Amino acid sequence: MSQNKNYDAEFCGNLAIHQTNSIQDFGFLIVLEIASLDIIQVSDNVEAIIAKSAKESIGTNFKDYVSAEDLSRFKLEINKGIRTRLPFQFPLVSATATVPVNILAHVKKDLVILEIEKIDEEPERSFTEVFQGVRSFISTLESTDNLQEVCEASIKEIRKIAGFDGIRMYQFDKNWNGTVIAEEITGELESYLGQTFPASDVPKQARALYLKNPFRLIPNRNYKTIKLFPVINPITNGFLDLSDCNLRSVASVHLEYMANMNVTASMSIRVIIDGVLWGLISCHHITSKYLSIESRSIFDWLSLEISYRISSIIKHEELVSSARLLQQRTVVTDIIYAEDDITKGIFSDENQNLLSLFNATGAALSLNGKIKTTGMVPEMDQLENLTLWLEGKGINKIFTSQNLGETYEEAKAYPNVASGLLAIPIDAGKGDFLLCFRPEVIQNIKWGGDPNQAITFEKDGVNYHPRNSFKLWMQTIYGQSDDWKKTEIEMAESLRNFLFEFKAKQIYN
């Protein structure tokens, strides 16, 4: 297997996309000094809402543009401390006009960032209407305990609400590559169902921003970039951190990426499980598409509900798996107690209990200088060398690998037997280990374009472009076993504690 270039870490993951110092053109930005509420930084288009140019607005006070009642309510919320996405709706008043606006306030230590949009022309729906729609959505999710069905139902419901041309659910793997596991598309959009996209498509700093923001909206990739004035924020003495802002402008490479996908508008909704980004719901539209603040608020809510439902299913599956593994582990430990001997107990009934416990095809026990095996295992001299390697590495906790040949050169000679290793140290200092093996599982990955061409640099080595083709690109992976599951590793730790204590009692008895 040839290794793919990891632009996620090498390049894309180092770009400061949270400090673009500019916004998209569907809104406005005002930055206030928190104590005085003086305006210290604005977007260049601010004149459209306060009738003062960017330069003229600096040094004026926010109270000059709001009513006393609205200012009092604003201060009450701001004074509650550091928070993000505080919603307000009131008019901004100037000498020439009154402009009704929606505001999202982000309260920092020394400043307040205001994201401002003019009031949407479409009529607001009542809370009852919104709740009924969301409640119906939740009922749909609750009607199934199947993860795939939940994902498919989620994108269908979101498409009903938002009307995007295409919606896809991406699930991240442990290397942050994203696979399309559900899809609803129409029109000229290509199908990517079942295809995997490299981690650099959503690099690490972009993933970090999704932990702060439930969604990311780009109504029109051809928007006019609006700069901030002054360029340097006078409090931070640097570019303003726009991590929390929906209006934050978009890296040019991503806009080019959208063009290559024949997409003009996009919105991504996060799915978070236990504080970790599990996946994204990616919404695409061939033409420009603006969503009202109300609609975006609904998607904020739906993000929580989808994440909760997926989390519930995953946790239930883990509980069922843990209960089954605990029952199997009890069988193994009971036999060891009955035999009063680790080796006899482990290899009772040809060790089918142990192999079943860890879904292994072979196992080896190195204890007191002797090695005993069952099932498919490496040759004896290879097992001795592997044990010495583990001992030399000072493995004193559970060690797992699904690609043993990558970390232990000699294992490349027997991938069909031991590409996967679960090592349980009983007494690592004396070379006592219980080893479980899995063979390689040859994988065929359907990439959405060549992952080695995720980005291409120009001759200057500085400017770069995303790939312009998402045509199916097949890759065959050798030398890797199935992953060791979290529940299996936890059960291995439990068994290790038992074996360590059992051996210690035998020594002292």
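Note that this is a predicted model, so its numbers are computed, not measured.
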Atom pair NE2/CG of His106 and Leu242 - distance to nearest 0.5 Å: 9.0 Å
Over all atoms of both residues, closest heavy-atom pair of Ile181 and Cys151: CD1-SG, 3.7 Å
Sub-4.5 Å side-chain heavy-atom contact between Gln480 and Ser419: no
Under 3.5 Å: donor-acceptor pair, side chain of Asn175, backbone of Asn177: no
Tyr308 OH: over 12 foreign heavy atoms closer than 6.0 Å: no
Salt bridge present between Lys289 and Asp165 (N-O < 4.0 angstrom): no
Interatomic spacing from OG in Ser401 to OH in Tyr408 - rounded to 0.5 Å: 12.5 Å
Glu440 and Asn416 side chains, donor-acceptor separation under 3.5 Å: no
Rounded distance [0.5 Å steps], CG in Leu104 versus CG in Leu247: 8.5 Å
Heavy-atom donor-acceptor pair, Ser72 side chain to Ala68 backbone, under 3.5 Å: no
Sub-4.5 Å side-chain heavy-atom contact between Val31 and Ile235: no
Validation row: Glu117, Arg296 side chains within 4.5 angstrom (heavy atoms): yes
Salt bridge flag under 4.0 Å for residues Glu157 and Lys160: yes
Mutual orientation of the aromatic rings belonging to Phe74 and Phe88 [parallel < 30°, tilted 30-60°, perpendicular > 60°]: tilted
CG-CZ distance between Leu422 and Arg438, expressed to the nearest 0.5 angstrom: 8.0 Å
Check: Ala54 main-chain N/O paired with Ser57 side-chain donor or acceptor under 3.5 Å: yes
side-chain contact (heavy atoms from CB on, under 4.5 Å) evaluation trace for Leu217 with Asn246: CA-CA 7 Å; Leu217 175 67; Asn246 298 324; over 6 Å; no
Interatomic distance, Thr20 atom OG1 to Phe239 atom CZ [nearest 0.5 angstrom]: 9.0 Å
Nearest atoms (heavy-atom pairs only) where Ile30 meets Leu32: CG2-CD2, 3.7 Å
Note, Lys52 side chain near Ser94 side chain (heavy atom, < 4.5 Å): no
Thr264-Thr287 side chain donor-acceptor pair, cut-off 3.5 Å: no
Verdict with reasoning, Arg135 to Glu142, per salt bridge (charged side-chain N to carboxylate O under 4.0 Å, His left out): CA-CA 10 Å; Arg135 182 60 253 183; Glu142 291 175 339; 2.8 Å; yes
Verdict with supporting geometry, Glu490 and Glu493, side-chain contact (heavy atoms from CB on, under 4.5 Å): CA-CA 5 Å; Glu490 290 172 347; Glu493 182 61 36; 5.7 Å; no
Over 12 non-hydrogen atoms of neighbours within 6.0 angstrom of NZ in Lys446: no
Polar side chain donor-acceptor pair, Ser268 to Tyr170, under 3.5 angstrom: no
Student check: side-chain heavy atoms of Lys204 and Arg207 closer than 4.5 Å: yes
side-chain contact (heavy atoms from CB on, under 4.5 Å) between Asp274 and Lys315, worked out: CA-CA 10 Å; Asp274 291 333; Lys315 288 182 184 301; 3.0 Å; yes
Arg168 side chain to Ile185 backbone, donor-acceptor under 3.5 Å: no
Ser43 versus Asn45, side-chain donor and acceptor atoms under 3.5 Å: yes
Carboxylate-amine/guanidinium proximity below 4.0 Å for Asp44 and Lys55: no
Side chain proximity check, Leu280 to Arg270, heavy atoms < 4.5 angstrom: yes
Point-to-point distance, once rounded to the nearest 0.5 Å, from CD1 of Ile269 to CE of Met267: 4.0 Å
Pairs meeting criterion side-chain hydrogen bond (donor to acceptor under 3.5 Å, both in side chains) with involvement of residues 211-228, two or more places apart: none
Heavy-atom side-chain proximity of Val263 to Tyr257 below 4.5 angstrom: no
Lys/Arg N to Asp/Glu carboxylate O, Glu115 vs Arg248, below 4.0 Å: no
Full working for side chain to side chain donor-acceptor pair (under 3.5 Å) between Ser243 and Asp241: CA-CA 6 Å; Ser243 296; Asp241 186 344; 2.5 Å; yes
Contacts of Glu317 that satisfy side chain to side chain donor-acceptor pair (under 3.5 Å) - sequence neighbours left out: none
Distance-minimising heavy-atom pair for Ala48 and Val99: O-CG2, 4.2 Å
Residue pair Lys75, Asp70: steps toward the salt bridge (charged side-chain N to carboxylate O under 4.0 Å, His left out) verdict: CA-CA 9 Å; Lys75 284 183 175 180; Asp70 290 333; over 6 Å; no
Least distance between heavy atoms, Ala105 atom then Val112 atom: CB-CG1, 4.3 Å
Tyr192 backbone acceptor or donor facing Glu183 side chain under 3.5 Å: yes
Distance-minimising heavy-atom pair for Ala162 and Leu291: O-CD2, 4.5 Å
Shortest non-hydrogen contact from Ile313 toward Val150: CD1-CG2, 3.4 Å
4.5 Å side-chain heavy-atom contact, Tyr65 and Ile49: no
Intermediate values then yes/no, side-chain contact (heavy atoms from CB on, under 4.5 Å), Trp278 and Ile272: CA-CA 5 Å; Trp278 180 88; Ile272 291 184; over 6 Å; no
